[in-house]
Amino acid sequence: AVVSTQSTGEFYPQNVMLLCVYFACKVDEYTIGIDKFVSMLEESLQFETGSFILSNEFLLMEALDYSLTVYNSYRPLDGFLFEVRDRLGKESSDCLRKHALSFINDAILTDAPLLYSPSQIALSALVYSSEQNKVDISSYLKSLAHDVTTHSKLLNTINKIREHLQHNYKFQISSSKLKELEAKCNSISKSLESDGEEGSSNDEKHGERITKRRKTVDEMETEPLP
């Protein structure tokens, strides 16, 4: 997109390519610092290329019309459930879905998606659901980590997300209150519909009056003079 909208004489294609790769890492939530990213280049090019990348990220977004893919936790949850189904069977996978989706729905109402990646929230939802349904997925969690340290960090992140939701999710509403609000909304909706119908009827009457007046004026203009 950048090459098609900008002159290749203005921007060196290799720098544009590196800019796109670096930006793609951000979109796919593969966090990498600019210093580490340019370390693969010759030392004489690292500073210049890094400066180019950081100063032209917004230009790249503008060339893409800001059409960036925003990921949520539902897609990685499907991936986790698919793997669980292969390990524990379809029945276990299906029973985990309901509570996991409920967990993600609650997480969206907090700032958790701004603090944790979608896959981390999805995995936390899976662990929460496994506890609610008494399904043991400890072996699956271990398979996601390469060593004990990584496994420990993974469990720590999951616990942090769950604690974060417990402290920040305050939108609680009873079913009776929900029905009351729903009845009010329906009442307002019916009132607006009746007002609209009444307004439409008045408009029709007003239009008929205008038509009659115009007809009368036309008849007066066409009458022969005595």
Side-chain angles (χ1 to χ4, degrees), residues 20-37 39-40 61 64 66-182 185:
C20 293
V21 173
Y22 183 74
F23 192 74
C25 291
K26 285 189 173 183
V27 174
D28 284 332
E29 297 180 356
Y30 181 77
T31 306
I32 180 172
I34 188 64
D35 293 333
K36 183 177 180 180
F37 183 79
S39 63
M40 61 181 176
M61 286 193 287
L64 296 172
Y66 298 91
S67 56
L68 308 176
T69 301
V70 179
Y71 292 100
N72 53 46
S73 301
Y74 297 105
R75 183 158 57 176
L77 175 63
D78 287 337
F80 289 137
L81 290 174
F82 183 80
E83 292 181 345
V84 169
R85 184 179 65 183
D86 289 343
R87 289 172 175 266
L88 304 178
K90 186 177 185 300
E91 184 178 350
S92 297
S93 175
D94 291 342
C95 74
L96 291 174
R97 181 178 295 276
K98 181 178 179 181
H99 284 95
L101 288 175
S102 176
F103 185 95
I104 294 176
N105 292 338
D106 292 346
I108 290 176
L109 298 178
T110 71
D111 59 351
L114 302 176
L115 302 174
Y116 303 96
S117 69
S119 57
Q120 290 174 330
I121 296 175
L123 191 59
S124 301
L126 187 66
V127 172
Y128 166 78
S129 183
S130 69
E131 294 176 356
Q132 296 297 315
N133 293 280
K134 295 180 172 55
V135 177
D136 184 14
I137 61 170
S138 56
S139 60
Y140 173 67
L141 293 177
K142 289 180 180 179
S143 69
L144 298 176
H146 301 293
D147 50 47
V148 177
T149 303
T150 305
H151 182 254
S152 178
K153 289 181 179 180
L154 183 64
L155 295 179
N156 185 43
T157 301
I158 291 173
N159 291 331
K160 283 183 178 180
I161 294 174
R162 296 183 62 177
E163 290 175 3
H164 184 82
L165 261 64
Q166 289 176 356
H167 292 132
N168 293 278
Y169 182 66
K170 300 177 181 179
F171 186 76
Q172 300 289 346
I173 184 169
S174 62
S175 57
S176 59
K177 184 66 176 178
L178 186 62
K179 290 180 180 179
E180 181 183 342
L181 293 174
E182 186 178 0
C185 290

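Everything numeric in this text was worked out from a predicted model, so none of it was measured. Along the sequence shown, the residues carry numbers beginning at 1.
- Atom-to-atom distance recorded for Leu165:CG and Ile121:CD1 is 8.0 Å, nearest 0.5 angstrom.
- Interatomic distance, Ser130 OG to Leu141 CG, rounded to the nearest 0.5 Å: 7.0 Å.
- Judged by distance alone, the side chain of Ser93 and the main-chain N or O of Leu81 form a donor-acceptor pair under 3.5 Å.
- Side-chain contact between Arg97 and Asp78 is present, with at least one heavy-atom pair separated by less than 4.5 Å.
- Listed by chain and number, the residues in a side chain to side chain contact (heavy atoms under 4.5 Å, CB included) with Lys90 are Arg85, Asp94 (sequence neighbours excluded).
- Atom CD1 in Ile161 sits 10.5 Å away from atom CD in Glu163 (nearest 0.5 Å).
- Looking at Glu83 and Leu126, their side chains never come closer than 4.5 Å, going by heavy atoms from C-beta outward.
- The ring pair (Phe, Tyr, Trp, His ring centres under 6.0 Å) analysis of residues 82-112, with sequence neighbours excluded, yields the pairs Phe103-Tyr128.
- For the side chain to side chain contact (heavy atoms under 4.5 Å, CB included) test, residues two or more places apart in sequence or in another chain that qualify with Asp111 are Leu114, Leu115, His164.
- Atom CD in Gln120 sits 7.5 Å away from atom OG in Ser124 (nearest 0.5 Å).
- We find the CG-OH distance between Asn105 and Tyr74 to be 3.5 Å, quoted to the nearest 0.5 Å.
- Minimum interatomic distance between Cys95 and Ser129 (heavy atoms only, all atoms of both residues): O-OG, 4.2 Å.
- Val135 and Leu88 get closest at one heavy-atom pair: CG1-CD1, 4.0 Å.
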Cut-off 3.5 Å, no hydrogens considered: what does the side-chain donor-acceptor table look like for residues 151-159, sequence neighbours left out?
unit_1: Thr157; atom_1: OG1; unit_2: Lys153; atom_2: O; d: 3.0
unit_1: Asn159; atom_1: ND2; unit_2: Leu155; atom_2: O; d: 3.2

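- Taken from CD1 in Ile32 to SG in Cys25, the straight-line distance is 6.0 Å, to the nearest 0.5 Å.
- Here the closest heavy-atom approach between residue Asn72 and residue Pro118 is recorded as O-CB, 3.3 Å.
- Listed by chain and residue number, Ala145, Asp147 satisfy the side chain to side chain contact (heavy atoms under 4.5 Å, CB included) test with Thr150 (two or more places apart in sequence, or in another chain).
- With sequence neighbours excluded, the residues forming a side chain to side chain contact (heavy atoms under 4.5 Å, CB included) with Ala122 are Ser73, Pro76, Leu77, Phe80, listed by chain and number.
- With a 4.5 Å cut-off on side-chain heavy atoms, Tyr116 and Leu123 do not count as touching.
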